[in-house]
Asker: 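There's a structure below that I have some questions on.
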Amino acid sequence: MERRDFFKISAITGAAAALDGCGKPEQQLIRFIPDEDLVPGVATWKPSICTLCPAGCGLTVRVMQGDAEVVRNGKLGLLRMGLAKKLEGNPQHPVNHGKLCARGQAGLQVTYHPDRVRHPLKRSGARGSGEFQEISWDDAVKELVSQLSALGQKNEAGSVAFLARPLRGQRRVLVETFLKTLGAPSPVSYELFDESVLRRANLLSFGQSQLPTLDLARSLYVISFGADFLGTWNSPVAQAIGYGEMRQGHPGQRGRFVQIEPRLSQTGANADEWIPARLGSEGALALSLAHVILNQKLRSPSAGHAASLIPGWAQGLPDYAPEKAEKLTGVPAAKIVELAQEVTSHEPGVAVVGGAALAQTSGLATALAVNALNELLGSVNSPGGIFFTPVPAFAASADPQGLPGRSQGQLAALNAMLQEILLDRPHSPKVLLLHDANPVFATPPDAHVQAALEKVPFIASFGNFVDETSVLADLILPDHSPLESWLDEVPESGTLTATVSVAAPAMLPLHNTRSMPDVLLDVAHQLGGNVSTSLPWKTYDEMLKSAFGELEKNVNAKSGDVWKKAQEDGWWSPSEGNVTGVKPRPVPSAAGRAPLTLTEPQFDGSPDAYPFSFLPFASTMLYDGSLAHLPWMQETPDPLSTVMWGSWVEINTRSAEHLGIRQGDLVEVASQHGKLQAPALLSPGIAPDVVAMPVGQGHENFGRYASHRGANPVSILAPTVEPETGALAWAATRVKISKVGEGKLILFAGGMRENPVEHQPR
């Protein structure tokens with residue numbers, strides 16, 4: 001798709017073409033008076049923040065004068081305005097230092113997408129039918145206020161729920177304050193690739209309930225247990241920059257990298273050595289490495305808190321001798337010894353864990369094992385190891401990210417709300433507010449999300465696209481796009497300095513939309529009482545300015561200095577770029593904690609009936625499916641398979657040969673909870689007992705570019721969870737696979753392949 005074809009920004013040869021053309025008057029476009037002073041042909045660069053993943057990278061937006069079709073006062077017309085033309089990384093931002101991934105580049109398409117909801121909508125047909133009628137903002141806000149007021153009059157104000165992706169920064173403060181003053185519970189967060197297991201492990205091991213910042217640039221040896229840190233995990237742009245420094249930034253010495261995982265990821269493809277350990281055995285391998293290090297006295301035995309959480313540590317971990325670990329992991333004992341000797345001879349070294357290794361019933365114990373290994377290596381809060389990014393203190397919220405409590409699995413909180421609805425409990429939600437979450441698509445079928453939401457009396461969505469969840473709404477209050485909004489962010493990781501990002505809108509809104517925070521503030525004022533008093537600001541930028549004013553007091557800065565500098569640069573740091581770390585803080589919940597025994601992971605489905613472990617993985621382009629509606633992401637080839645515009649089932653070449661499956665064959669993958677069909681992609685870079693699928697396709701309702709395309713691997717997952725956090729164990733389902741016919745794979749530079757016998761994966 002050509003860039004110019006997608007934007008559809010009108011080029012006008014003269015005002016007469018719009019005002020005096022032929023045809024009926026109602027078909028003519030109005031020329032609105034410009035609201036901005038712009039110089040034709042001259043670009044302005046404005047700071048912004050990427051919102052397409054949780055990393056919080058800084059942007060610069062190239063804005064130039066152009067003509068666009070816009071909605072003003074309920075009328076469609078033409079406006080000469082500043083239009084965002086290109087997104088680049090902010091060169092000064094501490095997270096991404098001017099770099100930007102392909103997903104970040106595609107953020108431009110959110111603003112100009114033809115399927116955006118352009119004005120408030122009210123349901124006119126059956127719930128889920130997708131039949132809506134346009135209404136005014138006054139009527140839309142009045143409808144929501146009426147629903148909330150009615151609950152208050154019945155003393156049921158607590159029967160309000162807010163379901164969203166994890167909220168951050170002052171948006172979280174706003175939503176939590178709104179709900180608290182109503183007497184409603186805190187917002188329920190949900191995303192498929194929930195990192196609560198690692199956050200919980202880091203809280204127990206180091207007193208930090210957040211994801212680590214990897215100091216790869218100063219490391220000489222990296223051993224990763226399943227973390228796709230160059231592709232989709234944590235802060236991939238920051239990690240890719242550090243990785244480049246690690247490989248090329250040490251004159252005369254090149255850092256070494258080993259990736260351990262059952263399926264070759266984008267990160268694994270960059271490793272010096274890729275080792276396909278058995279899925280779910282990564283914790284045992286980490287402890288076996290520690291066993292060798294302790295017994296060969298390659299490092300002094302650590303006596304830190306992380307080690308105290310591992311049974312048998314003081315005795316040298318006898319249960320994890322390499323010969324025993326070989327049976328658990330499938331990694332030869334000699335290789336385990338070699339890895340242990342390598343990581344200790346290349347100082348500094350660091351271990352990383354993430355992805356499918358933690359998406360198991362044993363995920364927490366695995367993370368604790370890798371944390372203890374890092375402690376043994378001396379990698380915690382040390383150059384070349386892991387740090388925990390400091391969090392600037394806002395007076396309105398001591399923790400603007402809401403980190404406390406985020407180590408509780410999101411599926412557990414969602415399930416609790418769904419059960420209240422399905423069981424008709426007295427305080428089940430009567431009004432549900434949705435924002436940027438699509439659990440109907442992203443939860444296993446046994447969660448019964450759609451059935452539960454259909455029972456909620458009133459649902460209002462702030463989404464600017466209709467998807468599988470927002471189509472169930474009674475009212476849609478469309479949000480601005482990120483480029484049209486005030487944004488703020490406190491990066492959880494990716495930088496060694498405390499950082500606060502803030503950005504004014506890069507451009508005026510194209511359509512009759514409003515930002516979610518501004519709508520909530522308006523609703524709060526119309527409700528009056530404590531809700532209005534607790535949220536006194538008229539607009540979200542006023543709230544942000546107030547929060548920065550409190551931050552200035554905490555850092556003894558002049559009034560307005562921090563706010564002004566943050567807007568000019570797009571970010572602000574109290575450490576002014578100094579490289580700092582944070583020492584682990586002891587926490588009561590971790591003190592005296594009993595050691596957690598590493599047990600074998602439990603899989604849903606018997607090995608006899610379901611011989612393959614099923615591995616869904618985050619798509620490099622579509623992430624968790626939330627970016628599937630962007631055509632640039634659909635048409636960008638997957639870095640390893642080169643597949644575009646569709647799904648595939650990855651299977652080991654020899655396993656496929658045994659089953660009579662060829663490249664491109666249509667195969668059926670079935671679990672105890674469902675089945676799906678997709679074309680087969682043969683690969684030597686996957687364990688023989690594993691089949692894998694990218695998450696992202698298979699949408700039933702997500703615009704013209706994503707709907708009815710490919711298959712959704714989440715639809716066959718078991719509702720298995722990690723027991724302590726309640727996080728979804730999305731890699732703990734077993735499946736069987738069979739050929740059902742001829743399929744089609746769209747491969748980059750390869751056209752549409754049907755059973756291409758001559759083609760082999762690279």
Asker: Quick one: CG on Leu373 to CD1 on Ile223, what's the gap to the nearest 0.5 Å?
Answerer: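 Separation between the atoms: 7.5 Å.
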Asker: Ser205 and side-chain contact (heavy atoms from CB on, under 4.5 Å): which partner among Asn371, Val370, Ile310?
Answerer: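 Only one of Asn371, Val370, Ile310 forms a side-chain contact (heavy atoms from CB on, under 4.5 Å) with Ser205, namely Asn371.
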Asker: If we count only N and O atoms by modelled type, under 3.5 Å, do the side chains of Tyr610 and Gln672 hold a donor and an acceptor together?
Answerer: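 Absent: no donor and acceptor within the cut-off.
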Asker: Between Arg654 and Glu657, does a salt bridge (charged side-chain N to carboxylate O under 4.0 Å, His left out) hold up when you go through it step by step?
Answerer: CA-CA 5 Å; Arg654 292 183 179 179; Glu657 182 180 359; over 6 Å; no
Asker: Are side-chain N/O atoms of Gln697 and Trp645 paired as donor and acceptor at under 3.5 Å?
Answerer: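 The answer is no; no qualifying pair exists.
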Asker: Go through the side-chain N and O atoms of Arg165 and Ser626 and say whether any donor and acceptor fall under 3.5 Å apart.
Answerer: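 Yes, Ser626 and Arg165 have a side-chain donor paired with an acceptor closer than 3.5 Å.
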Asker: Treating Asn652 as the side-chain partner and Ile686 as the backbone partner, does any N or O pair qualify as donor plus acceptor under 3.5 Å?
Answerer: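 Yes, because the side chain of Asn652 sits within donor-acceptor range (under 3.5 Å) of the backbone of Ile686.
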Asker: What pair of heavy atoms forms the shortest contact from Ser362 to Thr599, and how long is it?
Answerer: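 Scanning both residues, the minimum pair turns out to be CB-O, 3.4 Å.
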Asker: Does Glu600 CD have over 12 foreign heavy atoms under 6.0 Å away?
Answerer: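 Open.
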Asker: Would you say the side chain of Phe206 lies within less than 4.5 Å of the side chain of His305, judging by non-hydrogen atoms?
Answerer: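 No - every pair of side-chain heavy atoms lies 4.5 Å or more apart.
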Asker: Mind checking the CG-CG spacing from Asp319 to Leu328? Nearest 0.5 Å is all I need.
Answerer: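 Reported value, rounded in 0.5 Å steps: 9.5 Å.
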Asker: Is there side-chain contact between Val714 and Pro616, with at least one heavy-atom pair below 4.5 Å?
Answerer: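 Val714 does not reach Pro616 side chain to side chain.
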Asker: Is the backbone N or O of Phe441 less than 3.5 Å from a side-chain atom of Asn712, with the two atoms forming a donor-acceptor pair by type?
Answerer: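 Yes, because the side chain of Asn712 sits within donor-acceptor range (under 3.5 Å) of the backbone of Phe441.
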Asker: Between Tyr243 and Phe257, is the ring centroid distance below 6.0 Å?
Answerer: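 Yes; Phe257 has its ring centre under 6.0 Å from that of Tyr243.
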Asker: Side chain of Ser288, backbone of Tyr320: donor and acceptor closer than 3.5 Å?
Answerer: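 A pair under 3.5 Å: yes.
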Asker: What's the shortest heavy-atom distance between Pro322 and Val337, and which atoms?
Answerer: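 Closest pair (atom of Pro322, atom of Val337, distance): CG-CG2, 3.9 Å.
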Asker: Between Glu492 and Arg199, is the closest basic N to carboxylate O distance under 4.0 Å?
Answerer: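 Result for this pair is yes, salt bridge flagged.
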Asker: Side chain of Glu282, backbone of Gly226: donor and acceptor closer than 3.5 Å?
Answerer: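 Side chain of Glu282 to backbone of Gly226, a donor-acceptor pair under 3.5 Å: no, none is there.
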Asker: Under the 3.5 angstrom rule, does the side chain of Asp665 hit a backbone N or O of Ile661 as a donor-acceptor pair?
Answerer: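 Pair absent, no side-chain N/O of Asp665 close to backbone of Ile661.
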Asker: Please test Gln360 against Gln602 for side chain to side chain donor-acceptor pair (under 3.5 Å), starting from the C-alpha separation and ending with a verdict.
Answerer: CA-CA 7 Å; Gln360 306 288 338; Gln602 301 300 307; over 6 Å; no
Asker: In terms of side-chain heavy atoms, does Trp233 have a donor or acceptor partner in Gln239 at a distance below 3.5 Å?
Answerer: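 Distance-only check fails for Trp233 and Gln239.
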Asker: Taking Ala711's backbone N and O only, do any of them form a donor-acceptor pair with Ser647's side chain (distance below 3.5 Å, no angle check)?
Answerer: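 Yes, Ser647 side chain to Ala711 backbone: donor-acceptor pair under 3.5 Å.
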Asker: What do the steps show when you test Leu659 against Ile651 for side chain to side chain contact (heavy atoms under 4.5 Å, CB included), and what is the final call?
Answerer: CA-CA 10 Å; Leu659 294 170; Ile651 182 171; 4.1 Å; yes
Asker: So, Glu668 side chain and Val740 main chain: donor-acceptor pair closer than 3.5 Å or not?
Answerer: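 Checked: no pair found.
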Asker: Thr232 versus Arg103: any side-chain heavy-atom pair under 4.5 Å?
Answerer: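 Thr232 vs Arg103: side chains touch.
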Asker: Show your reasoning for whether salt bridge (charged side-chain N to carboxylate O under 4.0 Å, His left out) applies to Glu375 and Arg299.
Answerer: CA-CA 11 Å; Glu375 189 176 73; Arg299 282 286 187 277; over 6 Å; no
Asker: Is it true that Asp608 and Ser606 share a donor-acceptor pair across their side chains at a distance under 3.5 Å?
Answerer: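 No, because no side-chain N or O of Ser606 sits under 3.5 Å from a partner of the opposite role on Asp608.
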Asker: Can you see whether Trp648 engages Glu650 through a side-chain donor-acceptor pair at a distance of less than 3.5 angstrom?
Answerer: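 The criterion, which ignores hydrogens and geometry beyond distance, is satisfied for Glu650 and Trp648.
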Asker: Does Asn202 use its side chain to pair, donor to acceptor, with the backbone of Gln208 at less than 3.5 Å?
Answerer: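 Checked: no pair found.
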Asker: Any non-hydrogen side-chain atom of Phe225 less than 4.5 Å from a side-chain atom of Leu358?
Answerer: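 The answer is no, as the side chains (C-beta and beyond) never meet within the 4.5 Å cut-off.
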Asker: So which heavy atom on Asn234 is nearest to which on Ser493, and how close?
Answerer: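 The pair with the smallest heavy-atom distance is OD1-OG, 2.6 Å.
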Asker: Would you check, one step at a time, whether the test ring-ring contact (aromatic ring centres under 6.0 Å, His included) holds for Phe617 with Phe193?
Answerer: CA-CA 9 Å; Phe617 59 92; Phe193 298 112; 9.1 Å; no
Asker: Measure the CG-CE distance between Asp638 and Met621 for me, rounded to the nearest 0.5 Å.
Answerer: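 Here the interatomic distance stands at 7.0 Å.
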Asker: Restricting to non-hydrogen atoms, name the atom on Val667 and the atom on Ala680 that form the minimum distance, rounded to 0.1 Å.
Answerer: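 Distance-wise, the nearest heavy atoms are CG1-CB, 4.0 Å.
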Asker: Should Val643 and Ile746 count as side-chain neighbours, where that means a heavy-atom distance under 4.5 Å?
Answerer: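 No, every pair of side-chain atoms sits at 4.5 Å or beyond.
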Asker: Whether the Gln259 and Ser224 side chains hold a donor-acceptor pair (N or O, under 3.5 Å, no angle test) is what I'd like checked.
Answerer: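 Yes, side-chain donor-acceptor contact under 3.5 Å.
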Asker: Please walk me through it: do Val237 and Leu100 pass side chain to side chain contact (heavy atoms under 4.5 Å, CB included)?
Answerer: CA-CA 7 Å; Val237 174; Leu100 195 63; 5.7 Å; no
Asker: Can we say Lys335 and Glu326 salt-bridge, meaning some charged N sits less than 4.0 Å from an Asp/Glu carboxylate O?
Answerer: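 Glu326 and Lys335: not salt-bridged.
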Asker: Heavy-atom distance under 4.5 Å between the side chains of Met644 and Thr642, does that happen here?
Answerer: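 Not in contact.
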Asker: Roughly how far, to the nearest 0.5 Å, is the OG1 atom of Thr720 from the CG atom of Leu728?
Answerer: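 Leu728 CG to Thr720 OG1: 8.0 Å, rounded to 0.5 Å.
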Asker: Rounded to the nearest 0.5 Å, what separation is found between the CG atom of Leu339 and the CG atom of Leu289?
Answerer: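 Answer for the CG-CG pair, Leu339 versus Leu289, is 6.0 Å.
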Asker: Answer yes or no: is there a donor N or O on one side and an acceptor on the other, between the side chain of Asp228 and the main chain of Thr267, under 3.5 Å?
Answerer: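 Yes, Asp228 side chain to Thr267 backbone: donor-acceptor pair under 3.5 Å.
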Asker: Scan side-chain atoms only and decide if Thr389 and Thr213 contain a donor-acceptor pair under the 3.5 Å cut-off.
Answerer: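 A pair is found: one side chain offers a donor N or O, the other an acceptor, under 3.5 Å apart.
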Asker: When you compare the side chains of His673 and Asp604, does any donor N or O come within less than 3.5 Å of an acceptor on the partner?
Answerer: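 There is such a pair between these side chains.
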Asker: Okay, side chain of Asp194, backbone of Glu191: is any donor-acceptor separation there less than 3.5 Å?
Answerer: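 Here the side-chain-to-backbone pair does not exist.
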Asker: Search all heavy atoms of Leu287 against all heavy atoms of Leu317 and return the closest pair with its distance.
Answerer: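 Leu287 and Leu317 have their closest heavy atoms at O-CD1, 3.5 Å.
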Asker: Which value, rounded to the nearest 0.5 Å, describes the distance between Asp272 atom CG and Glu342 atom CD?
Answerer: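 That separation rounds to 9.0 Å.
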Asker: For the residue pair Ser641 and Leu681, what are the closest heavy atoms and their distance?
Answerer: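 It is CB-CD2, 3.3 Å.
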Asker: Does a side-chain heavy-atom distance below 4.5 Å link Ser655 with Val690?
Answerer: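 Counting from C-beta outward, Ser655 and Val690 never come under 4.5 Å.
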Asker: Are Pro212 and Phe388 side-chain neighbours, meaning at least one heavy-atom pair lies under 4.5 Å?
Answerer: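 Touching, per the 4.5 Å side-chain cut-off.
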Asker: Side chains of Thr725 and Glu722: donor-acceptor distance under 3.5 Å anywhere?
Answerer: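 Side-chain D/A pair, Thr725 to Glu722: present.
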